[in-house]
Chemist: 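Below you'll find the structure I mean.
Quick note: residue numbers are just sequence positions, from 1.
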Amino acid sequence: MATQKIVIDGVGHTYVPPRGQSVRALDGITAEIAKDEFVTIVGPSGCGKSTLIYLVGGFLPLGEGRIEVDNQPVSSPSPNRGIVFQHFALFPWKTVRQNVLYGLERQKVDPAQRVELAQKFIDLVKLTGFEDAFPSQLSGGMKQRVAIARTLVTDPDILLMDEPFGALDAQTRAILQEELLDIWSSRRKTVMFVTHDVNEAVLLSDRVIVMTARPGRVKAVIDIDLPRPRTLQVTRGQQFAGHCQEIWELVREEAQQASGIASG
Ligand SMILES: Nc1ncnc2c1ncn2[C@@H]1O[C@H](COP(=O)(O)OP(=O)(O)O)[C@@H](O)[C@H]1O
Ligand SMILES: [Mg+2]
């Protein structure tokens with residue numbers, strides 16, 4: 001059996017706002033993610049996908065269940081777990097280079113080495129020449145590249161990506177998907193990726209976890225047994241379409257349920 005990198009065992013989460021009703025977001029989530037595995041989480045809007053990512057990242061206190069990374073309980077954020085959000089979260093007052101340097105400064109990496117490393121990752125995400133630009137001067141795709149470079153530069157073992165390409169146009173998304181797969185296969189990372197795009201899930205993943213409507217539980221786990229690289233021949237094949245269809249139907253059932261609850 002492969003080494004488990006991330007163990008999620010019976011995890012639940014209820015938000016208790018200072019005023020208003022509490023919200024049961026997750027319920028009894030159990031999943032294991034192997035080292036270097038690429039796992040995607042899909043499910044209807046509001047089913048707790050982001051909550052799960054925050055818990056694994058250590059950004060939310062864990063109330064119920066157990067989350068372990070490398071056999072250690074998660075209690076706080078760690079540079080070993082890099083997170084990429086949907087909405088870039090760059091420092092608007094810092095340049096591309098300064099944004100990428102940020103994590104290295106926090107880790108007190110030697111200053112000369114910092115600059116060299118930052119450049120290496122700026123080049124890797126194809127932003128050479130934009131080192132001194134500010135986020136406001138960049139397109140959405142370029143901003144997301146900066147966010148990815150900033151996360152990768154500290155060399156986390158684990159990437160937690162919460163709809164990282166959700167705000168991008170189809171073409172930019174396709175390019176970044178390919179770049180992410182290149183990085184993943186050359187640098188070996190364990191990835192937990194959230195998307196609502198079923199096609200994206202099948203294209204990227206070793207396994208897809210489908211969540212139920214809120215409170216999110218694991219509805220199904222689908223092995224994506226397609227060869228890599230996922231060339232056009234693969235993505236236009238029947239097997240690819242079959243996986244998309246199967247997952248889409250599972251998600252649709254839950255989305256209908258979610259909208260039924262919302263309107264009832
Ligand atoms: N800080 C919060 N306080 C109260 N409820 C929240 C909070 N954050 C998220 N929720 C609720 O928890 C549920 C799950 O949210 P989230 O994890 O963001 O879902 P997803 O990412 O799958 O869309 C939603 O119903 C959302 O409204
Ligand atoms: Mg979300």
Side-chain angles (χ1 to χ4, degrees), residues 1-15 22-74 81 83-84 86 158-164 166 189-226 240 242-262:
M1 200 176 119
T3 334
Q4 297 307 335
K5 183 79 178 167
I6 303 173
V7 173
I8 300 166
D9 181 18
V11 168
H13 189 81
T14 301
Y15 288 101
S22 59
V23 178
R24 182 79 177 148
L26 292 174
D27 190 59
I29 297 275
T30 293
E32 293 189 340
I33 298 170
K35 186 176 178 318
D36 299 339
E37 196 179 15
F38 199 125
V39 169
T40 294
I41 296 161
V42 299
S45 178
C47 75
K49 303 181 294 296
S50 296
T51 304
L52 184 60
I53 289 284
Y54 300 152
L55 287 168
V56 174
F59 294 94
L60 269 181
L62 180 65
E64 283 165 53
R66 180 171 66 104
I67 299 180
E68 285 181 6
V69 168
D70 294 324
N71 300 313
Q72 297 297 318
V74 166
R81 278 168 272 132
I83 188 157
V84 180
Q86 176 172 4
I158 295 175
L159 289 179
L160 304 172
M161 306 184 84
D162 190 6
E163 304 202 36
K189 304 274 177 205
T190 306
V191 183
M192 256 180 100
F193 189 100
V194 171
T195 182
H196 56 251
D197 178 340
V198 168
N199 228 68
E200 179 169 72
V202 176
L203 174 72
L204 297 175
S205 312
D206 296 319
R207 277 191 304 152
V208 176
I209 296 176
V210 182
M211 284 173 61
T212 65
R214 187 170 67 78
R217 296 186 206 91
V218 175
K219 180 179 175 79
V221 181
I222 315 287
D223 281 308
I224 309 298
D225 45 0
L226 295 168
F240 189 96
H243 279 308
C244 290
Q245 179 76 21
E246 179 187 8
I247 294 167
W248 173 236
E249 275 166 20
L250 291 165
V251 174
R252 192 173 48 189
E253 277 173 23
E254 293 303 316
Q256 279 167 348
Q257 165 122 10
S259 66
I261 289 167

Chemist: Could you tell me whether E64 and R24 make a salt bridge, using a distance below 4.0 angstrom between a side-chain N and a carboxylate O?
Modeler: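 A salt bridge links E64 with R24.
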Chemist: Could you give me the CA-CA distance, side-chain angles and deciding distance for D9 and I67, then say whether side-chain contact (heavy atoms from CB on, under 4.5 Å) is met?
Modeler: CA-CA 6 Å; D9 181 18; I67 299 180; over 6 Å; no
Chemist: Can you find a side-chain donor-acceptor pair between T195 and E200 that sits under 3.5 Å?
Modeler: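 There is such a pair (donor and acceptor under 3.5 Å, judged by atom type) between the side chains of T195 and E200.
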Chemist: Would you check if there is a donor-acceptor pair between the side chains of H13 and D27 at a distance under 3.5 Å?
Modeler: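 On atom types as modelled, these side chains do not qualify, holding no pair under 3.5 Å.
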Chemist: Check whether any side-chain heavy atom of K35 sits under 4.5 Å from a side-chain heavy atom of Q4, and report yes or no.
Modeler: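 They are not in side-chain contact.
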Chemist: If you look at every heavy atom in V42 and A201, which pair is closest and at what distance?
Modeler: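 That closest heavy-atom pairing would be CG1-CB, 3.8 Å.
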Chemist: Mind checking whether V251 and V210 have side chains closer than 4.5 Å, heavy atoms only?
Modeler: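 Yes, side chains in contact.
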Chemist: Check the pair I29, V218 against side-chain contact (heavy atoms from CB on, under 4.5 Å), reporting the backbone distance first and the verdict last.
Modeler: CA-CA 6 Å; I29 297 275; V218 175; 4.2 Å; yes
Chemist: Quick one, M192 and I53 - any side-chain contact, counting heavy atoms below 4.5 Å?
Modeler: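 Result yes, sub-4.5 Å side-chain heavy-atom pair found.
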Chemist: Considering all heavy atoms of both residues, which atom of A258 and which atom of P44 are nearest to each other, and what is their separation?
Modeler: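 Heavy atoms of A258 and P44 come nearest at CB-CB, 4.4 Å.
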Chemist: With a sphere of 6.0 Å drawn around CG of N71, does it hold more than 12 non-hydrogen atoms of other residues, nucleotides or ligands?
Modeler: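 No, not enclosed.
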Chemist: How many angstroms lie between atom CZ of R81 and atom CD1 of I6, to the nearest 0.5 angstrom?
Modeler: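 CD1 of I6 is found 8.5 Å from CZ of R81.
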Chemist: Would you check if E37 and V191 make a side-chain contact, meaning some heavy-atom pair closer than 4.5 Å?
Modeler: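 No; the side chains remain at least 4.5 Å from each other.
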Chemist: How long is the span from the CD1 atom in I247 to the OG atom in S205, to the nearest 0.5 Å?
Modeler: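 So the gap between those two atoms works out to 7.5 Å.
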Chemist: I'd like to check F193 versus L159 (side-chain heavy atoms, cut-off strictly below 4.5 Å). Are they in contact?
Modeler: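 The answer is no; the side chains never approach within 4.5 Å.
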Chemist: So, E68 versus Q72: side-chain donor-acceptor pair below 3.5 Å or not?
Modeler: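 No, Q72 and E68 have no side-chain donor paired with an acceptor closer than 3.5 Å.
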Chemist: Out of curiosity, I33 CD1 to F38 CZ, how far, rounded to the nearest 0.5 Å?
Modeler: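 Answer rounded to 0.5 Å: 11.0 Å.
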Chemist: Minimum heavy-atom separation for V74 and G58, please, with both atom names.
Modeler: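 The answer is CG1-CA, 3.7 Å.
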Chemist: Looking only at heavy atoms, which two atoms of L226 and F240 are closest? And how far apart?
Modeler: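 So the minimum-distance heavy-atom pair works out to CD1-CD1, 3.5 Å.
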Chemist: With the side chain counted from C-beta on, respond yes when T40 and I209 share a heavy-atom pair under 4.5 Å apart, and no when they do not.
Modeler: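 In short, these two side chains do not touch, never coming nearer than 4.5 Å.
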Chemist: Whether K5 and D70 form a salt bridge (side-chain N of Lys/Arg under 4.0 Å from carboxylate O of Asp/Glu) is what I want to check.
Modeler: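 The answer is yes: the pair qualifies as a salt bridge.
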Chemist: Output the distance between atom SG (C47) and atom NZ (K219), rounded to the nearest 0.5 Å.
Modeler: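 Result: 11.5 Å between the selected atoms.
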Chemist: What are the two closest heavy atoms between H243 and D223, and how far apart are they?
Modeler: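 For H243 and D223, the tightest heavy-atom pair comes out as CE1-O, 3.2 Å.
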Chemist: Considering non-hydrogen atoms only, spot the tightest contact between Y54 and I83 and give its length.
Modeler: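 Smallest interatomic distance, heavy atoms only, reads CD2-CD1, 4.5 Å.
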Chemist: So how far is it from L160 CG to K189 NZ, rounded to the nearest 0.5 Å?
Modeler: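 These two atoms lie 12.0 Å from each other.
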Chemist: Output, in order, the C-alpha distance, side-chain angles, deciding distance and verdict of side-chain contact (heavy atoms from CB on, under 4.5 Å) for L26 and M211.
Modeler: CA-CA 10 Å; L26 292 174; M211 284 173 61; 3.6 Å; yes
Chemist: For L250 and I222, run side-chain contact (heavy atoms from CB on, under 4.5 Å): C-alpha distance rounded to whole Å, both residues' side-chain angles, the deciding distance at 0.1 Å, then the answer.
Modeler: CA-CA 11 Å; L250 291 165; I222 315 287; 3.9 Å; yes
Chemist: T51 versus Y15: any side-chain heavy-atom pair under 4.5 Å?
Modeler: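 Yes, side chains in contact.
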Chemist: Does any non-hydrogen side-chain atom of V11 lie less than 4.5 Å from one of L55?
Modeler: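 Side chain of L55 against side chain of V11, heavy atoms only: contact under 4.5 Å found.
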Chemist: Can you tell which of V202, D206, L204 makes a side chain to side chain contact (heavy atoms under 4.5 Å, CB included) with I224?
Modeler: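 Filter result, single survivor: V202.
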